[in-house]
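See structure below.
Nothing here was measured: the structure is a model prediction, and the numbers come from that model.
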Amino acid sequence: MSDRTDRTRNTPLGAGRVLRPRAWTAPVRAMSRILNTEDSPRPTREVGPDRSAVVDCALYVEGVRQPGTWNYADALAAARRQPHAFVWLGLHEPGLREMTGIAATYGLHELAVEDAVKAQQRPKLEQFGDVSFLVLRTARYCEHTELTETSEVVETGQVMLFIGPDFLISVRHGDACRLAPVRADLESTRDLLLHGPWAVAYAVTDRVVDVYLEVADQIEDDLDVLEAEVFDRQSHGRIQRIYQMKRELVEFKRAVVPLQRPMMTLTAQVNREVPKEIRRYFRDVQDHLSRTVEQVNSYDDLLNSILQARLAQVTVDQNNDMRKIAAWAAIAAVWTAIAGIYGMNFENMPELKMTYGYPVVLALMLGISMALYRWFRRNGWL
């Protein structure tokens, strides 16, 4: 099981969960512990072929957001006219036409644009000239009162970041991790925003990994309940639920494990794209990612053990059933054997002329059956 020294259980197994606080070491850790997505207001957006995917577009100068509503082209032009300025353009599930227009303005590579629209990518980090393309897979725990064969435990999505010298474009797919609270928290931390677009990239990555930790802790609660039910002799845990949990864990694992390589690249000393100060923050994120990977791997091993234990229980139950059937068959064989012998139509058979032969034979068969029954009961067959 994973290390639980840094968290306190607030609820019993199977009950509703309460988010557990952690003690962070990074100086800006409070920035990442934002409100849950369920508590955040969800703006209504127009749905249709002509809707805009732009959620927010802001110009930052010296770490301060500039007032006004900005068009993404005007914001970029203004950022390039001033020192220490950059644009953060937030998009939600953009279409190809709109993304192509943004790419033409910001000079994005067509391959990265195609990946951003399709949103079926593994976590990765690619370099296209002076623009870095970072792909993250987001995850969110789905609350449920009981784990069933069809329960959705983990919901995943994607966040893709285009990080340039004077801009950052975040493309979000799905609702597993919203970025509006990250933006609001960053805007109250001017010292961090002074580091430019890579500070935003750190904040988004930090939030995604923090949610990984929350999901991992809640999955552990589900595994505890599942394990208790499997070893409870009064409960008949279905193997389908174990397989469903394994499928959900695999989905979560696909989001977490591949992110290790991009994080190693971001924290490498030879990486000159990321400012030295921000690399320190990314190393903190890498530490928490490593912990999550260890948890996920241990959960996978635990699920395999639970599955093997359940299969062993099924085998034992089947053996017990077969022993009971064999015991009753042995008892019935006594009656069948004796009745079969006396059912043969021979003239010279012993005890055929006895007055009490019939009740004596019945008593003999009953006595042997009772003796066998007691013997089988004493040896645990019945």
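Between the side chains of Glu187 and Tyr60, at least one donor N or O sits under 3.5 Å from an acceptor N or O. Side-chain contact annotation: Glu273 with Ser132, donor-acceptor N/O pair under 3.5 Å absent. No side-chain N or O of Tyr299 forms a donor-acceptor pair with one of Asn304 less than 3.5 Å apart.
Within the 4.5 Å cutoff, the side chain of Arg183 has no heavy atoms near those of the Val200 side chain. Inter-residue side-chain proximity for Arg291 and Leu213 is flagged as met; some heavy-atom pair is nearer than 4.5 Å. At a threshold of 4.5 Å between non-hydrogen side-chain atoms, the residues Asp217 and Gln295 count as touching. Using a 4.5 Å heavy-atom cutoff, the side chains of Glu227 and Leu302 are in contact. A 4.5 Å side-chain heavy-atom check between Leu226 and Asp222 finds every atom pair outside the cut-off. In this structure the side chain of Gln218 reaches within 4.5 angstrom of the side chain of Glu143, judged on heavy atoms. Contact annotation: the side chain of Tyr373 approaches that of Trp328 to within less than 4.5 Å [non-hydrogen atoms, C-beta and beyond]. Considering only heavy atoms from C-beta on, Val135 stays 4.5 Å or farther from Leu161 through its side chain.
If you chain together hydrophobic residues whose side chains sit under 4.5 Å apart, Tyr212 and Met264 never meet in one group. By the criterion of side-chain heavy atoms lying less than 4.5 angstrom apart, applied directly or through intervening Ile, Leu, Val, Met, Phe, Trp or Tyr residues, Val64 is not grouped with Leu168; the two fall into different hydrophobic clusters. A single hydrophobic cluster is not seen to contain both Tyr281 and Leu194; linkage of ILVMFWY side chains at heavy-atom distances under 4.5 Å, directly or through other members, places them apart. Placement of Tyr243 and Leu303 within a single hydrophobic cluster is found when ILVMFWY residues are connected by side-chain heavy-atom separations under 4.5 Å, directly or transitively. Follow the hydrophobic side-chain contacts under 4.5 Å out from Ile331 and you reach Leu364 in the same cluster.
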Open item on the list: Does Tyr202 form a side-chain contact (heavy atoms from CB on, under 4.5 Å) with Val285? I'd like the steps, not just the answer.
Closed with: CA-CA 8 Å; Tyr202 153 73; Val285 177; 3.5 Å; yes
Task: From CA spacing to verdict: side-chain contact (heavy atoms from CB on, under 4.5 Å), Val131, Ile163 - done: CA-CA 5 Å; Val131 177; Ile163 309 151; 6.0 Å; no
TODO: Run the numbers on Val61 and His84 for side-chain contact (heavy atoms from CB on, under 4.5 Å), then give the verdict.
DONE: CA-CA 6 Å; Val61 179; His84 307 294; 5.8 Å; no
Open item on the list: I'd like to know whether Arg172 forms a side-chain contact (heavy atoms from CB on, under 4.5 Å) with Val204, so could you lay out the CA-CA distance, the side-chain angles of the two residues, the decisive distance to 0.1 Å, and finally the verdict.
Closed with: CA-CA 11 Å; Arg172 178 170 61 89; Val204 173; over 6 Å; no
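In this structure, the side chain of Gln158 does not engage the main chain of Thr138 through any donor-acceptor pair within 3.5 Å. A donor-acceptor contact shorter than 3.5 Å is absent between the side chain of Glu248 and the backbone of Val250.
Nearest heavy-atom pair across Asp166 and Ala85 is CB-O, 3.9 Å. Of all heavy-atom pairs between Ala116 and Phe133, the closest is N-CZ, 4.4 Å. Scanning all heavy atoms of the two residues, the minimum distance from Phe282 to Met263 falls at O-CE, 3.4 Å. Across Leu76 and Thr105, no two heavy atoms sit closer than the pair CD2-O, 3.6 Å. Leu59 approaches Ala79 most closely through the heavy-atom pair CD1-CB, 3.6 Å. Considering all non-hydrogen atoms of both residues, Leu266 and Leu125 come closest at CD2-CD2, 3.6 Å.
By the 4.0 Å N-to-carboxylate-O rule, Asp300 lies close enough to Lys246 to be salt-bridged with it. One finds a salt bridge joining Lys118 and Glu114 here, because a Lys/Arg side-chain nitrogen approaches an Asp/Glu carboxylate oxygen to under 4.0 Å. The pair Arg65-Asp56 counts as a salt bridge, with a side-chain nitrogen and a carboxylate oxygen less than 4.0 angstrom apart. Lys124 and Glu126 are joined by a salt bridge, as a carboxylate oxygen and a charged side-chain nitrogen come within less than 4.0 angstrom of each other. With respect to Arg137 and Glu251, a salt bridge is recorded, a charged nitrogen being found less than 4.0 Å from a carboxylate O.
Atoms CZ and CG, on Arg122 and Leu136 in that order, are 13.5 Å from each other to the nearest 0.5 Å. With values rounded to the nearest 0.5 angstrom, Asp74 atom CG is found 4.5 Å from Asn71 atom CG. Within the model, atoms CD of Gln286 and OG1 of Thr205 stand 12.0 Å from one another, a figure rounded to the nearest 0.5 Å. Atom NZ in Lys276 sits 12.5 Å away from atom NE2 in His195 (nearest 0.5 Å). Leu372 CG to Ile368 CD1: the interatomic distance, rounded to the nearest 0.5 Å, is 7.5 Å. Taking CD1 of Ile219 as the start and CE of Met245 as the end, the distance is 5.0 Å to the nearest 0.5 Å.
Within 6.0 Å of the CZ atom in Arg280, the count of heavy atoms belonging to other residues, nucleotides or ligands exceeds 12. More than 12 heavy atoms of other residues, nucleotides or ligands shown are found within 6.0 angstrom of CZ on Arg283.
For His109 and Tyr106, the gap between ring centers reaches or exceeds 6.0 Å. Phe167 and Phe86 have their aromatic ring centers separated by at least 6.0 angstrom.
Evaluation of the side-chain contact (heavy atoms from CB on, under 4.5 Å) rule for Glu155 yields Arg140, Cys142, Glu152 as partners, not counting sequence neighbours. With sequence neighbours excluded, the residues satisfying side chain to side chain donor-acceptor pair (under 3.5 Å) with Ser170 are Trp88. For Glu62, there are no side chain to side chain donor-acceptor pair (under 3.5 Å) partners at least two apart in sequence or on another chain.
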